[in-house]
Amino acid sequence: MFGLGALCFVALSITSNVAGLYVLIAIGGACTVGTQNLANPYISEFYPREARATGMGWAFGVGRIGAIIAPMLIALILSSGLDPKSAFIWFAIPSILGACALLFVQEKYGSFDKVGKEGKVEKRSFTIKTS
């Protein structure tokens, strides 16, 4: 979804049809902000059950830093004299970074609690071997 969002931002830089712009903006927004919201439960599985709230709090805090810095970067890009249509290509970079980051996630390190036949939570544990 992050990759599709990046493609939408690039397409925004070359589209002049107003209806097409609205469609691309809707898809791009859903693919970036929506995907990040969907990734949060997935990310939570990589924290131990005892520390999930703290881990997710830190993850949300780092995300808020991006939310604070992003408007300043957008203003910097637009004030640089760059054509607004060309600026959308720059907006695709965070989506590309998000897609790459999710590609490198190794699911074997997640806990991914399972509910067994008896309704009990079965925790798939893992060990990290150190040499």
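These values consider heavy atoms only, across backbone and side chains, with no hydrogens, waters or symmetry-generated copies. Everything numeric here is computed off the predicted structure, so don't read it as measured data.
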For the residue pair [X] and [Y], what are the closest heavy atoms and their distance?
X   : Y   : answer
C31 : T35 : O-OG1, 2.6 Å
S13 : I89 : OG-CG1, 3.5 Å
A19 : N17 : N-OD1, 3.2 Å
Y47 : A59 : OH-CB, 4.0 Å
A92 : A6  : CB-O, 3.7 Å
F88 : F9  : CB-O, 3.3 Å

About how many Å separate [atom2] of [Y] and [atom1] of [X], when rounded to the nearest 0.5 Å?
X   : Y    : atom1 : atom2 : result
F2  : T32  : CZ    : OG1   : 7.5 Å
L97 : L102 : CG    : CG    : 11.0 Å
L4  : C8   : CG    : SG    : 4.5 Å
I43 : M56  : CD1   : CE    : 5.5 Å

Is [X] linked to [Y] within one hydrophobic cluster, defined over Ile, Leu, Val, Met, Phe, Trp and Tyr using a side-chain heavy-atom separation of less than 4.5 Å?
X   : Y   : value
I27 : I93 : no
V33 : V23 : no
V10 : L21 : no
W90 : I74 : yes
I65 : L73 : yes

Determine whether a donor-acceptor pair (N or O, by modelled atom type, separation under 3.5 Å) exists between the side chain of T15 and the backbone of A11.
yes
Using a 4.5 Å cut-off on heavy atoms from C-beta on, say whether the side chain of F91 contacts that of I77.
yes
